[in-house]
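Below you'll find the structure, written out as structure tokens, and then a few comments.
Every chain is numbered from 1 and lettered A, B, ... according to where its sequence line falls, protein lines coming before strand lines.
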Amino acid sequence: MLHFLASWEVFFQTVLVNALLAFSVQIALRAGVFSLAGVGCWAIGAYTLSILNLRGVNTLVAIVAAVAIACVVSYLLSLVLVRLRGLYLGMATVAFNQMVGVAIINGGELTGGEMGLYGVNAPVTTLQLVIVVGVVCLMLWAMERGVLGRAYNIVRDDESLAESLAIDTGSLRRFAFVLSGAIGALGGALNAMLLGIASPTDADFPVIVIALTMVIVGGFHSWRGALIGAALILWLPIGIQSFGIRGMHEWWSVVYGALILGIAVYFPKGLLGGLQKLRSLVDRRAVREATP
Amino acid sequence: MLAEQLLVNAAVLGAVLTLFALGLSLTWGALDVLNLAHGAIFVASAWVATRLANSVEVPFVALLVAGMAAGALLAVVAELIAFRPIRRLISNKRQAELSMVAATVGFGFVIDNLVGRATSHQVFSFPIGAFEFRQYDLGVFKAFNIEIIIFATAIIGALLLNYWIMRTRQGMAIRAIAFSPRIAPLLGVKVDNMAALTMAVSGALAGLSGSLMVVWTSGMDISTGHSLLLRAFAIVVLGGVGSVKGCVLAAFLLAAVETGIVAAGYGSMRDAAAFSLIILVLLFRPQGLFGTGRAMRA
């Protein structure tokens, strides 16, 4: 068991950190806000932490600063993008991410330009990551079950209906932006600590694609879906390569794309939705068998 | 570089962007498909055209047609294996949009990697002799024949597309689907057939722009598609989703701005131009510069 843990430790750490990225997008999607700004905040978090760390600031202070800056930026962004919905909002947030990327590349000494920042010295243990991600999960769990979660369900499915029920959709949407940004920045900061670097690719289009894929594949209706998605998407390249079928490792990326395609088409609520459907089918059969 | 030559560059870049973005705008406007695989289709069709040129000696026009056919075929495959099932299975519009975006990510990934494998992730181009370059002196500026061809193709393509959408019965059917995919079948529109046709046209436009661009830039690899895709988003939003006129003007505007920024020596700020334009437009004119609201878009 210990040996198993040791050999998979890097993988676990990556999954934990990337789960935060997935949560960041999932929170927004669940609230009916098609925002991918969590990725820009992921880069903001990574850079804030790295810049402060390289100047000798305490790690905890740096993490708090990273999250705080992302909160402010997300709040301002939510004010700016208040009128946009659907794909337009998605595109506007992609534009925001790209602009974060351009700002980083043109940041000169502060951000290290194209090279990024190296030598971030803020070691983090797996246990610490588990605790941080665990706390976030607990918070999301409580949020989904509580009044807030139900309010978000209505806002997502029918905004005018939500308004008619005296739900303040505007402030709920803004809160979704801010929370998404905060968790994205936390993930970015932890990622910079884990890897010891912050690079301009942190805000790049592939990161957006990966984050979105994790959430859609896992299922965006719950944080559990995002967690499943993060673990699966990160495991797939390793998993497909280790199947041992001859020539399989050369084709892994094609199989990977095809799997994403299949899940997107046939599991609209993600794998989590598929699992839940399976469970309800089993439950129903059990009930039918139990009742004479 | 001379100012006139910069103008030629901007015009040709604008023309390539026009052809590429028209395909993206068409599917987004008519079918609510934000096709993230459009860049992959663009590169794959260009690759097919170069492969054909490597194995047989055919006139350049035939190569262009082959590229268009490859693009149309790929787009129709995407329609059949992804968009059509999603339209059948998912009735919620937001959910369907999201599923389609994710499906195009998967589809694009597959195509990108197939082309990447076939080309060993190297730059590919037409063999020497497949296209004969000639330079013409047009008084004020000099232009290669390929540059004139690209510019003319883009203008003719845009005019034809506009005619098709606005003046033909098929175009009317597509506009009906854009207005409401649920009401259109009640009016006798065969949504599935029209969607496949729309995807085919979109793919053919990607194939045409890809096959032309690979000549103009003397080669491309799969990253070319990604870079074009991001700029095409900016163009589509700027011009207004579904507006052919808006798309053309936005493409040339973006090309001019980018060429200007690069010529002024701020190359690393180039992408910021496109994306600050997006945010400004979305803020002050969310329907785009030439968008005319839902009823007319297609």
Next item on the list: Using modelled atom types only, decide if a donor and an acceptor are shared between the side chain of Q95(B) and the backbone of P268(A) within a distance under 3.5 Å.
Entry: yes

Margin query: Below 4.5 Å, heavy-atom pairs only: which of A92(A), G86(A), A95(A), P206(A) has the largest tally toward chain B?
Written below: A95(A)

Next item on the list: Can you measure from CG (L259(A)) to CZ (F109(B)) and round to the nearest 0.5 angstrom?
Entry: 11.5 Å

Item checked: F267(A) atom CZ: more than 12 heavy-atom contacts under 6.0 Å -> no

Note to self: Under 4.5 Å from any heavy atom of chain A, what part of L98(B) do you find: side chain, backbone, both or neither?
What the structure shows: both

Next item on the list: Let me know if L230(B) has heavy atoms under 4.5 Å from chain A in its side chain, its backbone, both or neither.
Entry: side chain

Checklist line | For chain B, the option from I260(A), I105(A), L89(A), N106(A) that forms the most heavy-atom pairs under 4.5 Å | finding: N106(A)

Item checked: Part of V281(B) within contact of chain A (heavy atom distance under 4.5 Å) -> neither

Margin query: Applying side-chain contact (heavy atoms from CB on, under 4.5 Å) to V236(B) and M91(A), what does each step give before you reach the verdict?
Written below: CA-CA 10 Å; V236(B) 172; M91(A) 282 304 102; over 6 Å; no

Item checked: Toward chain B, the part of V265(A) with a non-hydrogen atom under 4.5 Å -> both

Check: V110(B) and L261(A): side-chain contact (heavy atoms from CB on, under 4.5 Å), yes or no, with the steps?
Finding: CA-CA 9 Å; V110(B) 171; L261(A) 178 67; 5.7 Å; no

Item checked: CD (E163(A)) with more than 12 external heavy atoms under 6.0 Å -> yes

Anything under 3.5 Å between a donor and an acceptor, one on a side chain of residues 214-222 of chain A, the other on a protein residue two or more places apart or in another chain? List them.
unit_1: S222(A); atom_1: OG; unit_2: E144(A); atom_2: OE1; d: 3.2
unit_1: S222(A); atom_1: OG; unit_2: R224(A); atom_2: N; d: 3.1
unit_1: S222(A); atom_1: OG; unit_2: R224(A); atom_2: NE; d: 3.3

Notebook entry, point to check: How many angstroms lie between atom CG of L36(B) and atom CD1 of I208(A), to the nearest 0.5 angstrom?
Noted result: 10.0 Å

